[in-house]
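Encoded as structure tokens, the structure appears first; notes follow it.
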Amino acid sequence: MKIATWNVNSIRARLDHVTHWLEVHQPDVLLMQELKGTEFPAEAFAPLGYQAEAVTQKAYNGVAILSRHPIEVVAIALPGDEADGHARYLEVNTNNTRIVNIYLPNGNPVGSPNFGYKLAWMARLAKHMQQWRENNIPVIIGGDFNVIPEDIDCHKPASWIKDALFQPETRGWYRTMLGYGFTDAFRALHPDLGGAFTYWDYFRRAFETNRGIRIDHFLLSPELATRLVRCEIDKEPRSQPKPSDHTPIWVELQ
DNA sequence: ATGCCCATCAGAGATGGA
């Protein structure tokens, strides 16, 4: 089973990029983030053989899951804060697998309410992950984590030292999640590979010079980690005209 | 130290992204 994730930075602006990528790569499941709008074009994916579920809001955020197999929605929001109305979470069962799509808050600038919201969101997610482990529920969590896990995951740590994605608290929560027994799929298969990024700024010729960061991840529970055979970043879409600032990353499970 | 680019909503320029 092949599962991909891609922050598309507006599904409306990226629809042709996404449908083309699906035709070429034929994943079983695609997780998308930053749909940016209330309209989700599910009808564009049906002819390609994909069912769709989406959680949207006006202008901001938004997550969707496409699958070649029937989708059973488990949850459309991360538990733990009834007042949190952001469209950032979608949990489903499809192809006999629990799959969770997240768009974790950015959190900048550090010290603002945004950063507090990010850390609280990470605490809520970590609690949920701990519960999945305690109940031995196999689960794969994919999406835009907005976390640079380690120094190797950015071109120059000094450039990111003040950023919410690279704060000790942010990275600490990510390590806590790994500590519950979850596996960072890409890092597990490419333990020492630097310069492997999923996001590049639109400006400063960041992509051309590979000044990027690795912030789109898959975390696998132990049951699924044993089935992990491949995990790759596909830089090709980021090189196209009018790209998203993120590029897809995918995993293959036996 | 700051803005760069890109997208949304709205119909200009503010806001968010990371």
Side-chain angles (χ1 to χ4, degrees), chain A residues 5-19 31-41 44 54-64 84-89 101-122 125 142-174 186 194-217 233 235 237-249:
Chain A
T5 182
W6 191 0
N7 178 322
V8 295
N9 188 15
S10 168
I11 187 58
R12 194 170 63 182
R14 228 65 64 196
L15 188 55
D16 291 345
H17 297 70
V18 173
T19 54
L31 316 180
M32 290 185 283
Q33 306 84 33
E34 267 208 281
L35 306 175
K36 285 190 167 179
T38 48
E39 300 290 317
F40 182 77
V55 180
T56 64
Q57 72 181 79
K58 187 177 177 181
Y60 302 121
N61 309 318
V63 290
D84 181 2
H86 289 200
R88 297 183 175 276
Y89 185 95
N101 181 9
I102 66 164
Y103 176 41
L104 206 148
N106 172 307
N108 277 306
V110 173
S112 72
N114 292 350
F115 191 59
Y117 174 62
K118 180 193 189 100
L119 295 181
W121 210 95
M122 294 191 84
L125 178 61
D144 180 356
F145 280 67
N146 273 316
V147 176
I148 303 168
E150 303 290 343
D151 287 6
I152 193 177
D153 297 309
C154 63
H155 64 283
K156 193 170 88 173
S159 302
W160 295 93
I161 204 77
K162 294 179 179 174
D163 197 284
L165 283 62
F166 202 54
Q167 291 308 296
E169 300 97 318
T170 304
R171 299 162 77 186
W173 275 116
Y174 193 82
F186 185 84
F197 307 131
T198 63
Y199 167 90
W200 300 260
D201 273 344
Y202 281 121
F203 31 89
R204 290 179 282 207
R205 291 172 34 81
F207 182 68
E208 291 81 353
T209 54
N210 199 32
R211 291 193 291 252
I213 50 180
R214 189 175 73 92
I215 57 174
D216 299 271
H217 309 299
I233 297 165
K235 288 179 72 171
R238 186 62 178 80
S239 71
Q240 294 299 311
K242 303 288 286 180
S244 168
D245 38 10
H246 296 249
T247 213
I249 172 173

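In what follows, chains carry the letters A, B, and so on, assigned in the order in which the sequence lines appear, proteins first and then strands, with residues in each chain numbered from 1.
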Discussion item. Counting only side-chain heavy atoms from C-beta out, which of dC9(B), dT15(B), dA7(B) sits nearest to Tyr60(A)?
Written reply: dT15(B)

Fill in: Distance, P atom - from dC6(B) to dT2(B), rounded to whole angstrom
23 Å

Worksheet item: Any salt bridge between Asp16(A) and Lys242(A), counting N to O under 4.0 Å?
Response: no

Discussion item. Tell me the interatomic distance from Asn9(A), atom CG, to dC9(B), atom P, rounded to whole angstroms.
Written reply: 12 Å

Fill in: Rounded C1' spacing from dC4(B) to dC9(B) in Å
23 Å

Worksheet entry | Sugar-phosphate, base or nothing in reach of Ile148(A), heavy atoms under 4.0 Å | nothing

Discussion item. I want to confirm an ordering. Mapping Tyr202(A) and Gly37(A) to their closest nucleotides on DNA chain B, which one lands closer to the 5' end?
Written reply: Tyr202(A)

Discussion item. Any donor-acceptor pair under 3.5 Å linking the side-chain atoms of Tyr199(A) with those of Asp201(A)?
Written reply: yes

Item to complete: Could you check whether Asp144(A) gets within reach of a base, just the sugar-phosphate, or nothing at all, counting any heavy atom under 4.0 Å?
Response: sugar-phosphate

Practice prompt. Determine, using ring centers only, whether Tyr103(A) and His86(A) are less than 6.0 Å apart.
Written response: no

Worksheet item: Does OP1 or OP2 of dC9(B) have a side-chain N or O of Lys36(A) closer than 4.0 Å?
Response: no

Worksheet item: Would Phe207(A) and Trp200(A) count as a close aromatic pair, with their ring centres under 6.0 Å?
Response: yes

Item to complete: Check whether any side-chain N or O of Arg204(A) sits under 4.0 Å from OP1 or OP2 of dG3(B), and answer yes or no.
Response: no

Item to complete: Check the distance between dG17(B)'s C1' and Ile11(A)'s CD1 and give it to me in whole angstrom.
Response: 17 Å

Discussion item. Using OP1 and OP2 only, check whether a side-chain N or O of Ser244(A) sits under 4.0 Å from dC6(B).
Written reply: no

Worksheet item: So, do His217(A) and Tyr174(A) have ring centers that fall under 6.0 Å from each other?
Response: yes

Worksheet item: Heavy atoms under 4.0 Å, any strand shown: does Asn7(A) hit a base, just sugar-phosphate, or nothing?
Response: sugar-phosphate

Worksheet entry | Contact nearer the 5' end of DNA chain B, comparing Arg12(A) with Tyr199(A) | Arg12(A)

Discussion item. Between Lys58(A) and dG16(B), is there a contact of a side-chain N or O with OP1 or OP2 at under 4.0 Å?
Written reply: no

